[in-house]
Q: 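Before I ask anything, let me first share the structure, which is written out below as structure tokens.
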There are 2 protein chains.
Amino acid sequence: MTQHRGKTGPDANVTADDVATAAGVSRWTVNRAFKKDASISPRTRDKVMEAAQTLGYVPDLRAASLASDRSNLVALLVDDFANPHKLVMMERLTRILRKHGWDTLLVNTLDRDDTGHALLNASQRRVDAVILIGIQFDDETLAAAQHARRFRKLIIFARTSQNPDTISIAVDDVAAMTEIADYVRARGYRRPFFLAGPRTVSAHLSRKETFLSRWKAHFGTEPESAEVPAYDPIQAEAVVTAVLGNRPRSEMPDVLVCENDALAIGAVDVIRHKLGLRIPEDIAVTGFDDVPQCRSPNYRLTTYRQPLTEMADYLVEVLESSEERDFDRAFTGCLVPRESA
Amino acid sequence: MTQHRGKTGPDANVTADDVATAAGVSRWTVNRAFKKDASISPRTRDKVMEAAQTLGYVPDLRAASLASDRSNLVALLVDDFANPHKLVMMERLTRILRKHGWDTLLVNTLDRDDTGHALLNASQRRVDAVILIGIQFDDETLAAAQHARRFRKLIIFARTSQNPDTISIAVDDVAAMTEIADYVRARGYRRPFFLAGPRTVSAHLSRKETFLSRWKAHFGTEPESAEVPAYDPIQAEAVVTAVLGNRPRSEMPDVLVCENDALAIGAVDVIRHKLGLRIPEDIAVTGFDDVPQCRSPNYRLTTYRQPLTEMADYLVEVLESSEERDFDRAFTGCLVPRESA
DNA sequence: AAATCTGTTGCACGCGCGTGCAAATGGCGT
DNA sequence: ACGCCATTTGCACGCGCGTGCAACAGATTT
């Protein structure tokens, strides 16, 4: 494919220079016309834009980024695609980022040990920030990446982290889980069981710890719990089956508090269809995230909704700030009571 | 933030030149060391890599792309995040693309009229190809974009399209829907109802047309059908409720054939919980895509699975080909019978 | 009418790397 | 030790745009 530089027409890779010639201005004026708050007279801008239009000129963000050392690109690292909430988060994030002029590089963290490569991938594109939505925190990996200063910002979204090199934008898990615990208690449940997700290094003060300690503080006993190796309904089914499968009715919990909806959904399926128990009469269930499926008559899940839009707006604010302060922030969401508890 | 060029240490933006100096070779040798099939001696490569390692050098893909006119970047345009199958597709695509060295720009097509802007967005990053997974085909928009030659390739994934400027990688809808129709017929259903998704311009020979005509060819009558404005369970619920809500039992269809699982899932919920009918005894349901939820005991959906991995592999092949032939290809998937039909 | 100011335009240099070819290097046989 | 060949290395130029400042024009003042 031969490139005919300088030629007009759709074949040519038309640059700002071409537009400049066509509009009778300098190349810099052309680029100015495309910049938001550039000092340029309306007349010139119109003239330039018209020429650009007819030539089919589109500014090259690679070159812009190279020259300005700012890419307006973020990498979104995702690893647990089995969790339906990821779809919601991706929609919200890409929507709001795009509205503010940020593009998103979607990086699939293929497996547990791939985070390092994924980060490397992102850094090769010189993204301005990396956003982690998933469970792949290996503090060492993050620390190494951060130490190499390959990103200006490393943001953990919708998940708390105590990692000091990291910006965490999340819901206040302690407040949220406390609210759930109190709700469960107020509804009269007395034998809770906590279904947790995979344990990551950074997760102190997690939802599980909060629930257990809150419950213990009230009743003196620490509830049972189990851990699912991934936020995946299928895997939750397996764990719940294993744990509650052949337990006599007398020893069954009366409420299953799940770390999030992905787990709760799997749990509901097992409880109802494998154990043959009623929800909430025999066992109640709570989730977290308020994924779309929670609304389904099959689940009607009592859950907790994170203020995703607000969080994403704040994320943009963080991205666009050049300060060096501590950006960590915890939002409060709201409990969404439904029939499952 | 001052940049101290030339300085070593994590603060500096270390370039190939720095590594070259450190390793005692030329800059070009450094870049060669990072290129896959470059002619370079193992010893030199090791030396370079070691220096790169200690300096923390990461090649800059922006500059590489700028110089080579090849970005190894594709834009993934998505507009219907309500469809859970999108999550599956995104996982598979990003996984396989990344394995082959391609990065993915995720672009949320915000609303119906935004496709043009989304394409513009992609073209500013000089992506090598645009992949559409969604319903946003406005033939005019696509034609305009294609005419401007802003992308080397415009690929419509998992959806057939007759658009000549476009590469369609999809399942063979005619074969698939024929198989479903025959299955439904063989199981003895006689009063089918087709639940279709939004009508797009490019969708001739769609699943709906195939099913209807196949049925008519056998029984002489064209089944009923209805259209849901989006692939969204919630909207499917509304349409099914409206259409079947207060219909006497005698006039109820005995099978609801849905264009995909997103619709089928909404339909199942309504049929079972609003209409109080049994599945499949009163009404059977079929879907398309085999999303993870289909496995749930709440759905046990008879559906059709696309060979996504195979399709994605072919996609990579298309991306890496420099030929100019017709790349359109239809794959055959497999019917997944479950209890819903 | 000259001087001043404000807003607008032009430009040298650099961002980091790829291409394609020329030069250099090393290994081998005689 | 010489020459041949295969492999390895070096380099001039360009990719398209941003930065920061200097030059300029038109509007305003004295």
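In what follows, every chain begins at residue 1, and chains take the letters A, B, ... in the order their sequences are listed.
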Q: Could one point to a donor on the side chain of B:Arg32 or the base of D:dG10 with an acceptor on the other under 3.5 Å away?
A: yes

Q: Are the side chain of A:Asp80 and the backbone of A:Gly134 linked by a donor-acceptor contact shorter than 3.5 Å?
A: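 Side chain of A:Asp80 to backbone of A:Gly134: no pair is present.
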
Q: Starting at the 5' end of DNA chain D, which residue's closest nucleotide do you reach first, B:Ala67 or A:Lys35?
A: B:Ala67

Q: Hey, which sits more toward the 5' end of DNA chain C by its nearest nucleotide, B:Tyr57 or B:Arg43?
A: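 Its nucleotide being nearer the 5' end, the pick is B:Tyr57.
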
Q: Looking only at the side chain of B:Arg27 (C-beta and beyond, no hydrogens), which of the listed nucleotides C:dC11, D:dT9, D:dC13 gets closest?
A: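 The answer is D:dC13.
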
Q: Measure CZ/B:Phe34 against P/D:dT9 and give the value in whole Å, please.
A: 15 Å

Q: Round to the nearest Å and state the distance from B:Asn72 atom CG to C:dC17 atom C1'.
A: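 From B:Asn72 CG to C:dC17 C1': 14 Å.
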
Q: Does A:Thr44 put a side-chain nitrogen or oxygen below 4.0 Å from OP1 or OP2 of C:dT9?
A: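 A:Thr44 to C:dT9 OP1/OP2: side-chain N or O found under 4.0 Å.
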
Q: Rounded to the nearest angstrom, tell me the gap between atom CG in B:Leu66 and atom C1' in D:dC15.
A: 4 Å

Q: Find the distance B:Asp17:CG to C:dG14:P and express it as a whole number of Å.
A: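 So the two atoms are 13 Å apart, to the nearest Å.
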
Q: Identify which nucleotide among C:dG10, D:dC17, C:dG18 has an atom closest to any side-chain atom of A:Pro59, counting heavy atoms from C-beta outward.
A: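 Comparing C:dG10, D:dC17, C:dG18 against the side chain of A:Pro59, the answer is D:dC17.
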
Q: Looking only at side-chain atoms of B:Ala63, point me to the closest of D:dG16, D:dG10, C:dG16.
A: C:dG16

Q: Taking only N and O in the side chain of A:Ser68, is any of them less than 4.0 Å away from OP1 or OP2 of D:dG18?
A: no

Q: Can you check whether B:Thr29 has a side-chain N or O nearer than 4.0 Å to OP1 or OP2 of D:dT8?
A: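 Looking at the OP1 and OP2 atoms of D:dT8, neither is under 4.0 Å from any side-chain N or O of B:Thr29.
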
Q: Hydrogens and angles aside, do A:Asp128 and A:Ser71 bring a side-chain donor and acceptor to less than 3.5 Å of each other?
A: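 Looking only at side-chain atoms, A:Ser71 and A:Asp128 do form a donor-acceptor pair, the distance falling under 3.5 Å.
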
Q: If only side-chain N and O atoms count, and only distance matters, is there a donor-acceptor pair under 3.5 Å linking A:Arg27 with A:Asn31?
A: yes

Q: Closest-nucleotide mapping onto DNA chain D: is B:Gly24 or A:Arg62 further toward the 5' terminus? I mean the 5' end.
A: B:Gly24

Q: Please confirm whether the backbone N or O of A:Ala129 pairs with a side-chain atom of A:Arg152, one donor and one acceptor, at under 3.5 Å?
A: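 Such a contact is absent between A:Arg152 side chain and A:Ala129 backbone.
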
Q: Rounded to the nearest Å, what distance is computed from the CG atom of residue A:Asp69 to the C1' atom of nucleotide C:dG16?
A: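 These atoms are roughly 11 Å apart.
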
Q: Given atom CG of B:Asn31 and atom C1' of D:dT8, what is their separation to the nearest angstrom?
A: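 That distance rounds to 16 Å.
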
Q: Nearest-Å distance, CZ (A:Arg125) to P (C:dC17)?
A: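 Taking CZ of A:Arg125 and P of C:dC17, I get 14 Å after rounding.
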
Q: Quiz question: going by heavy-atom distance under 3.5 Å, is there a donor-acceptor pair between the base of C:dT8 and the side chain of A:Trp28?
A: no

Q: So, B:Lys86 side chain and B:Val78 main chain: donor-acceptor pair closer than 3.5 Å or not?
A: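 Checked: no pair found.
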
Q: Output yes when at least one side-chain N/O atom of A:Ser26 is less than 4.0 Å from OP1 or OP2 of C:dG10, else no.
A: yes

Q: Rounded to the Å, how far apart are A:Gln124 CD and C:dC17 P?
A: 10 Å

